[in-house]
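Below, chain A is the first sequence line, B the second, and so on; all start at residue 1.
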Amino acid sequence: MAKGLTTRKDDYSQWYLDVIAAADLAEHSAVKGCMVIKPTGYAIWEMIQGQLDRMFKETGHVNAYFPLFIPESFMHKEAEHVEGFAPECAVVTHGGGKKLEEPLFVRPTSETIIWSTYKNWIQSYRDLPILINQWANVVRWEMRTRLFLRTTEFLWQEGHTAHASAEEAEAETLKILDVYRRFAEEYMATPVYVGCKTEREKFAGAVRTYCIEAMMQDCKALQAGTSHNLGQNFARAFDVTFQDEQGKLQHVYATSWGVSTRLVGALIMTHSDDNGLVLPPRLAPLKVVLIPIWKEEAEMELMRQRARDLTASWQGRISFKIDDRDQYRPGYKFNEWEKKGVPIRIEMGPKDVAANQVVVVRRDTGEKIAMPQENLLPRLEALLDEIQQNLFQRARAFRDANTFTVDDYAEFASRIENPGGFFWVHWCGSEACENKFQESSKATIRTIPLDREKEAGACIVCGAPSAQRVLVAKSY
RNA sequence: CGGGGCGUAGCGCAGUCCGGUUAGCGCGCCUGCUUUGGGAGCAGGAGGUCCUGAGUUCGAAUCUCAGCGCCCCGACCA
């Protein structure tokens, strides 16, 4: 293997794959389009899961689990849904050596199996709301796959809620959108734009789809999470009704929302550099690695002991590791932990022990800081916070520097190709004009923003009146 | 499904055009010694259905035919 990684400048896609290999996150499996998530990569997913799970529970949700298999007839009950998903589904036709009476779809998403179940759970407004999340795997037979960003099978969470009114469902959809935004910004240190998808881009079967969109270091957009207001579509398809307080029978209102292992890909492409993975401290499974250094064998046990003494009080307070392997030299270890994205490395050799200090190295900047050994833990915790903030600010500065406001179509078409980036443009709302964006460069409307000031203008394509700008970019 | 490329050791590759000793190189791995503050050095060693099948030939990694698989570029997508 080459000593260094492919650089982002030379070949961004190859760099992405190199980072995954160097950090030992995942590899291709024997099954086409499916990946093996290795322990180091899975640990990151567990950090993501842990925090999101807390946030879901704080907002009143509970976890449950529904089957992997969905009877074919269920898939066909919601017209738009089946049209959108059927072409990319895996279907089981045989079981126990016999052909099945009815084929079973491997879930591409669980709306249908869940709403067929909710039918039995809901009779009265008193049964509502239902606020359920499930952690699961799903399968979508994609034509082209990329590790973490798009694999045939992937891990995700999907929330499926049931409500008594359209207003309540909309409030839930937006509440989760805000959970996703907070998670992206405060934990992933990834700034996102929040907004609404166009009719063309919305989820198959939804009334409205909201999303968070992030910018990767190649200036392409990545949809990092979606929250759908499903209206009464699935309740109608599965005939799920409830009696309201007036005794009137109504169809139930629904939402669904999800984020996936794609977030690991987002993390990689937001922060990592040409030396490997860079992880935001809050999602780093391992936050500190301590590398004792010795010259002679006699020093080895001494330095190991000093390392254990130094960290004795850290147990249970911070995730750390002492790398005292004797078969590798310090330089090798420095490099290895850099590739793996550990936020803080501590070097401690005989010179440091003599000076009663350690050398602390930041992964985000490479800066080396001498720190006294006394009271080290609080200093490290403060530094982790600082790294977390720095990564967020760095990512936001990058995104802002590559986001442009444009009012002329020719200028847009030229600049989306080179240098690329995010573009705020006026759009009249017609699908014809929406398709036009794609002609120039495969760019699409990523989102109709929620949190930006409205501003009247003229559609950049046709000149018709526009009430606000939308975000256009090339995407993953 | 269209266009391109590739299957040789765990990984990356050379050898294939023009058939011929025991199939080679780098990394990694194992053993030993010397090393250890930014990817160590030396010595020894282990590891191969050359993608599969059939054919041509005295002889096939190499030539022929068929098949399988994977990767990259497009259309589909979290």
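Salt bridge status for A:Arg54 with A:Glu58: absent, with no side-chain N to carboxylate O gap under 4.0 Å. Taking 4.0 Å as the cut-off between side-chain N and carboxylate O, A:Asp218 and A:Arg8 do not count as a salt-bridged pair. The pair A:Glu27-A:Lys38 meets the salt-bridge criterion, with a side-chain N (NZ, NE, NH1 or NH2) lying under 4.0 Å from an Asp/Glu carboxylate O.
At a threshold of 4.0 angstrom between heavy atoms, the contacts of A:Pro87 with the nucleic acid are absent. The residue A:Lys197 sits apart from the nucleic acid: no heavy atom pair falls under 4.0 Å. Residue A:Phe334 is classed as a base contact, given a heavy-atom separation below 4.0 Å to a base. Heavy atoms of A:Arg146 sit nowhere under 4.0 angstrom from any nucleic acid atom. Among the heavy atoms of the strands, none lies under 4.0 Å from A:Val138. Residue contacts shown for A:Gln223 are limited to sugar-phosphate atoms, with no base heavy atom under 4.0 Å away. Contact annotation for A:Glu338: base contact, defined as any heavy-atom pair under 4.0 Å involving a base atom. Residue contacts shown for A:Thr151 include a base, since a base heavy atom lies under 4.0 Å away. Residue A:Leu149 is classed as a base contact, given a heavy-atom separation below 4.0 Å to a base.
Rounded to whole Å, the distance from CZ on A:Arg325 to P on B:rA40 is 12 Å. For the pair A:Gln438 CD and B:rG74 P, the interatomic distance rounds to 13 Å; values are reported in whole Å. As rounded to whole Å, 12 Å separates atom C1' of B:rC71 from atom CG of A:Leu147. With rounding to whole Å, A:Glu297 atom CD is found 10 Å from B:rU35 atom P. We find that NZ of A:Lys351 is positioned 10 Å from P of B:rG37, with the value rounded to whole Å. Atom P of nucleotide B:rA78 and atom CD of A:Glu88 are separated by 8 Å, given to the nearest angstrom. Between A:Arg304 atom CZ and B:rU36 atom P the separation is 16 Å, expressed in whole Å. A:Met143 has its CE atom 16 Å from the C1' atom of B:rA78, to the nearest Å.
Stacking is found between A:Phe154 and the pyrimidine-like six-membered ring of the B:rA78 base under the 5.5 Å centre-distance and 30° plane-angle cut-offs.
OP1 or OP2 of B:rU36 has not a single side-chain nitrogen or oxygen of A:Lys333 nearer than 4.0 Å. Taking side-chain N and O atoms only, A:Arg329 has a distance below 4.0 Å to OP1 or OP2 of B:rG37.
Judged by the 6.0 Å and 45° rule, A:Arg399 forms a cation-pi pair with A:Tyr193. Under a cutoff of 6.0 Å and an axis angle of 45°, A:Arg345 and A:Phe334 form a cation-pi pair. The side-chain tip of A:Lys220 points at the ring of A:Tyr476 from less than 6.0 angstrom away and within 45° of straight on.
Straight-line distance between the C1' atoms of B:rC76 and B:rG69: roughly 23 Å, to the nearest whole Å. Remark: the separation of the C1' atoms in B:rU8 and B:rU16 is 11 Å, to the nearest Å. Taking atom C1' on both B:rC58 and B:rG19, the two are 12 Å apart, rounded to the nearest angstrom. B:rG41 and B:rG28 are spaced 9 Å apart, taking the P atom of each and rounding to whole Å.
Of the listed nucleotides (B:rG37, B:rC76, B:rA75), B:rG37 has the atom at the smallest distance from the side chain of A:Asp352. Among B:rG37, B:rG38, B:rU36, the nucleotide with an atom closest to any side-chain atom of A:Arg345 is B:rG38.
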